[in-house]
Amino acid sequence: MPKSNPAADTRDLLSVADARRIILDSVSPIAGWERVAVRAALGRVLADDVIAPCNVPAHDNSAMDGYAVRAADLAGTGDTALSEVGTAFAGRPFSGIVGMGQAVRIMTGAAIPEGADTIVVQEVVRRDGDRILVPAGQKAGQNLRRAGEDLAQGGVALAAGSRCGPAELGLIASLGIAEVIVQRRLRVACFSTGDEIASIGRPLAPGQVYDSNRYTLFGALSRLGCDLLDMGVVADDPAVLENALRDASLAADVVITSGGVSVGEADFIRDMMARMGKVAFWKLAIKPGRPMAFGRIGDAVLFGLPGNPVAVLVTFYQFVQDALLQMMGVSPLPAAQRFRVPSEVAIRKQAGRCEFMRGRLLRDGDRLSVTLAGAQGSGVLRSMSEADCFIVLPDECTGVQPGDMVLVEPFTGLI
Ligand code: AMP
Ligand code: MG
C-alpha cells in the first residue's frame, strides 16, 4: 500500500506516472469465475486459455473461385489443356480423385479434392469444350488456405486475460465452442459525498447541485462490465460516511467515492479512513483532479475521487480504469491510444502538472488537428460532452502556440 505523509508540503505533488504505478502495483486480479454462453461472454475476461479442439479451417480449402489442378501437370510455357471432371462446392466436396491431366471446378471455401494441390483463378482460365486452358506462370500451392492456418488444433486460440469483443466471440464460435470460462464480474460500490449534493427527482434547495458524478461513473463502470452497487448520496457527516464506507467495503471489491477529498474537507475523512483502513491522500500533479485518495478498507480497494465533475472523469480514466481492468483479470492491459496532432489554438499552461484539456479533433482530408472544446473549468461537464479527446499537456509544457504538436487521447480509446 502507498504511504503518504498527510502533512506533506503542498508543493510536493505526486506525478501522474508515479500515481499510476503505485495503483497498478497494489491491485491484483480477483478470484472467481463462471461459465457463460458465447454471446454472454461479450465484454467479459477469459479466466482460462481457450484451446482449439480442431483445426480452423478444418481442411485445406480454396481461397478463390477457380479450378483445382495438379501443379506437376502445368507446362512451363504456353497453355496447358486439362479435362474438367467435376465440381467442388463449399460444404459439398468433390468425392473423386483429381488424376493426371484433370481439373475440378472449385468454389471459394470448398475442400481441395484429393490429388489437386493448386488453385487457378477462374479469370485466367479459358474454356474449350469440356477442356480448360490454363496459362503458364501458375505457382504450385497458390490460392490455398491450409488446414489449421488460422488456428491449429491443440494450440491456444485465446489466452486467459483476453477481453472478449466481437472478434473473440466469432473466434470462439469458429472452434465450435458454445461456452467459455470467464472471470466473475468485479463488484464496485459507488457513492457521492457532499451536503450540497441532491439526487435527481427532487427540487433543488438553495445552494444545492444535482449529483452528476454517480451518473458519469455509472456510465463508465457499466461500459467496463462491472457489477455496480449504487449507494446514493452520503452527507458530509462522519458517522454516516463511516457507515457507508463500511457497508461498501464489505459488499464490493472496489469502493469509488466522489467529493470530500480536497484540503480542508479531507481532514475528518482522513482521520476516519486511517482508523478504518489504509488510505493515502494524494496531491497529484494533474489538472483537473489534484486531490485524490487511494488505499484499502478491509479487503476493498478505495478510490476517493475529487468532487468536480470533469475531475471525476479525468481521474477515472487516468487512474481507476486500468486498475479495474487489472482486477478484472485483463492481461496485458491495453495501451492508451495516444498520438500527436497540431493544435489549431494557443493554450495557456503552467509547468509542473499534467493537464488534460478537453479537445475536439478536426479532420481536413487525411490531416487531423485539434482544438479546445468549450470552457475548460473543472466543473464544466459540457466540455467533456462536446469533446472527443483529451489534449494531454505534460508537466514540463509551458503553453502551446497554434501549429505546435500536442498529444491527444481520443475518447473512443477509453473503452
Ligand atoms: P469537493 O471535492 O467535495 O470539494 O467538491 C468539489 C466541487 O464539486 C464542488 O463544487 C461540489 O459541489 C462539486 N461536486 C461534488 N460532488 C458532486 C457530484 N456528485 N455531482 C456534481 N457536483 C459535485
Ligand atoms: Mg464536498
Side-chain angles (χ1 to χ4, degrees), residues 4 6 8 10 13-14 16 19 188-222 226 228-245 247-248 252 254-273 279-295 302-321 353 355-356 358 374-387:
S4 91
T10 50
L13 303 179
L14 185 64
V16 170
V188 182
C190 201
F191 61 84
S192 302
T193 69
D195 289 337
E196 80 285 23
I197 308 301
S199 289
I200 56 176
R202 289 177 215 164
L204 272 191
Q208 286 192 318
V209 289
Y210 280 123
D211 182 2
S212 56
N213 292 343
R214 252 162 70 224
Y215 294 84
T216 45
L217 287 172
F218 164 86
L221 292 164
S222 299
C226 298
L228 189 57
L229 180 64
D230 182 345
M231 297 180 57
V233 178
V234 174
D236 288 323
D237 172 314
V240 180
L241 204 53
E242 183 168 354
N243 276 335
L245 278 172
D247 290 349
V254 180
V255 180
I256 301 179
T257 66
S258 69
V261 291
S262 49
V263 181
E265 280 212 84
D267 297 347
F268 79 89
I269 301 178
R270 182 176 291 140
D271 293 345
M272 176 209 309
M273 287 181 175
V279 179
F281 284 77
W282 287 338
K283 293 192 182 73
L284 297 167
I286 188 174
K287 186 185 173 189
R290 191 162 103 128
M292 189 178 121
F294 172 69
L302 172 84
F303 292 94
L305 304 185
N308 272 312
V310 179
V312 166
L313 279 171
V314 169
T315 50
F316 182 87
Y317 287 129
Q318 298 308 317
F319 302 109
V320 183
Q321 180 158 284
R353 63 192 181 194
E355 291 203 18
F356 290 81
R358 276 71 70 208
Q376 298 284 315
S378 64
V380 186
L381 208 44
R382 207 174 86 176
S383 70
M384 278 300 289
S385 163
E386 288 178 354

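Remember, it's 1-based here, ligands and their atoms both numbered in the order they're listed. This is a predicted model, so every value here is computed, not measured.
Closest protein heavy atom to atom 2 (O) of ligand 1: G307 N, 3.0 Å. Looking only at protein heavy atoms, the nearest one to atom 22 (N) of ligand 1 is P309 CG, 3.8 Å. Among protein heavy atoms, atom 4 (O) of ligand 1 sits closest to E265 OE2, 2.4 Å. Protein heavy atom nearest atom 19 (N) of ligand 1, with residue, atom name and distance: D211 OD1, 2.7 Å. The protein atom (non-hydrogen) at minimum distance from atom 6 (C) of ligand 1 is N308 N, 3.8 Å.
Considering both main-chain and side-chain atoms, P306 never comes within under 3.5 Å of ligand 1 through any nitrogen or oxygen pair. Below 3.5 Å of separation, one finds an N or O of S212 facing an N or O of ligand 1.
Surrounding CZ of F218 are at most 12 heavy atoms belonging to other residues, nucleotides or ligands under 6.0 Å away.
The closest side-chain heavy-atom distance from D230 to F191 is not below 4.5 Å. Using a 4.5 Å heavy-atom threshold, the side chains of P291 and L284 count as separate. Within the 4.5 Å cutoff, the side chain of V188 has no heavy atoms near those of the L229 side chain.
Under a 4.0 Å criterion applied to the non-hydrogen atoms of G260, ligand 1 contributes the atoms 1 (P), 2 (O), 3 (O). Numbered from 1 in the order shown, with element, the atoms of ligand 1 that lie under 4.0 Å from a heavy atom of Y210 read 20 (N), 21 (C). For ligand 1, the atoms lying closer than 4.0 Å to a non-hydrogen atom of S192 are 19 (N).
At a 4.0 Å heavy-atom cut-off, ligand 1 does not touch P291 at all. Within the 4.0 Å heavy-atom criterion, the part of E196 lying near ligand 1 is the side chain and not the backbone. If you look at N213 next to ligand 1, the close heavy atoms, those under 4.0 Å, come from the backbone and the side chain alike.
Judged purely by atom type and a 3.5 angstrom limit, S383 has no side-chain atom pairing as donor or acceptor with the backbone of Q376. Without hydrogens or angle criteria, Y210 side chain to R202 main chain gives a donor-acceptor distance under 3.5 Å.
In this structure, the ring of F303 has its center less than 6.0 angstrom from the ring center of F294.
At a cut-off of 3.5 Å, with distance as the only test, a side-chain donor of D211 or S192 sits close to an acceptor on the other residue.
When V261, L245, L241 are each tested for a side-chain contact (heavy atoms from CB on, under 4.5 Å) with M273, only one passes: L245.
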